[in-house]
Number of protein chains: 2
Amino acid sequence: MPFRDIAAKELAKIFSVLAHPDRVRIIEELGAGEKDVNSLQAVLGVSHSRTSQNLAVLRTNRIVTERRDGRHVFYRLSQPELAGWILEGLRFIEGDAQASEARLNAFEKARQKWGSEAAGELLFTNRD
Amino acid sequence: MPFRDIAAKELAKIFSVLAHPDRVRIIEELGAGEKDVNSLQAVLGVSHSRTSQNLAVLRTNRIVTERRDGRHVFYRLSQPELAGWILEGLRFIEGDAQASEARLNAFEKARQKWGSEAAGELLFTNRD
DNA sequence: TTCATATATGCATATATTTGCATCTGATTG
DNA sequence: CAATCAGATGCAAATATATGCATATATGAA
């Protein structure tokens, strides 16, 4: 298989791992620092099983790393810049001329809360 | 729906559009400039129907834009920086310590052919 | 009509979501 | 110090839904 196809396949694979709202949220949350499964579940507002299973997908693909402490398992991003990269992706949605006002508003807020507009700033900093 | 969820959902949507090897390849090809369907099909080495269907996905999600000229339809990236952003994503695969040697080789070559390692360089430049 | 491209249909495969159960760990009690 | 209990997490089976792909058919320009 030509190298281009290998690389394209791998990239597509990564994208498919990221192609789930829960997993995007998880990565964004972990961009602010490690969290245990329960906290993540609470923030996402979904079932613990769903949280756990999406974490498993991220874990299997080495997007996150786990650390056990007592009965809690803490997750963190294997590569913290990943969160920043994802955040940058927002601009490709915003660039869409037909993006609705509500959507644009959401992005604006998300950028403010999740991270910074500065290109060089790669980590999410604020909470709310 | 909280703004975070909206943004996460939209991001996940984009990722799912990108989560297909053919579509990644198409975006990479278009990163070098516009191309008509036939050329794309030839480069990808897949059926015309498959090419057309994947272009439809990209078109529907406004990743690409079409221009008709006679009986040929030329596609180009709506937002050329998208190709660069995708290329940047390669490093998250490479960061994976367990990436196989073959894979790493493919990425190395891909980077050389498709674009540059420099962070600021956002477009694919070379052909081969 | 022919060439270039798009779309529709149907089937196979993959992915997501829920429900229920298993396991591990730390705390409590007898 | 067991024996037991509850919390935290993972995993599996069942079902629903989505996606990919080939084949066939349609549009539209030359």
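Each chain gets a letter, A, B and so on, in the order its sequence line appears, and its residues count up from 1. Keep in mind it's a predicted model, so treat the numbers as computed, not measured.
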For this session: For F74(A), check ring-ring contact (aromatic ring centres under 6.0 Å, His included) against everything at least two apart and list the hits.
Result: none
Exercise. Partners of H48(B) by side chain to side chain donor-acceptor pair (under 3.5 Å), sequence neighbours excluded?
Worked result: none
For this session: Please identify each residue that fulfils side chain to side chain donor-acceptor pair (under 3.5 Å) with R71(A), with sequence neighbours left out.
Result: none
Problem set entry | Pair E34(A) + R67(A): basic N to acidic O under 4.0 Å | yes
Exercise. Once you round it to whole Å, what is the distance between P of dA4(C) and CD of Q41(B)?
Worked result: 10 Å
Seminar exercise, completed: D22(A) CG to dT17(C) P, in whole Å, measures 6 Å
Problem set entry | Whole-Å distance separating the CZ atom of R67(B) from the P atom of dT5(C) | 12 Å
Problem set entry | side chain to side chain donor-acceptor pair (under 3.5 Å) against R76(A), all qualifying residues, sequence neighbours excluded | none
For this session: Quick one, give me the B/S/- string for nucleotides 7-19 of chain D, reading 5' to 3', where B means a protein heavy atom under 4.0 Å from the base and S means that only happens at the primed atoms, P, OP1 or OP2.
Result: BSBBBB-------
Exercise. Quick one: L44(B) CG to dG20(D) P, roughly how many Å, whole number?
Worked result: 15 Å
Exercise. With nearest nucleotides of DNA chain C determined for G70(A) and N54(A) from heavy-atom distances, which residue corresponds to the more 5′ nucleotide?
Worked result: N54(A)
For this session: May I have the distance from D69(A) (atom CG) to dT25(C) (atom P), rounded to whole angstrom?
Result: 12 Å
For this session: Not counting sequence neighbours, list each pair that qualifies as a ring-ring contact (aromatic ring centres under 6.0 Å, His included) and has a residue in residues 23-43 of chain A.
Result: none
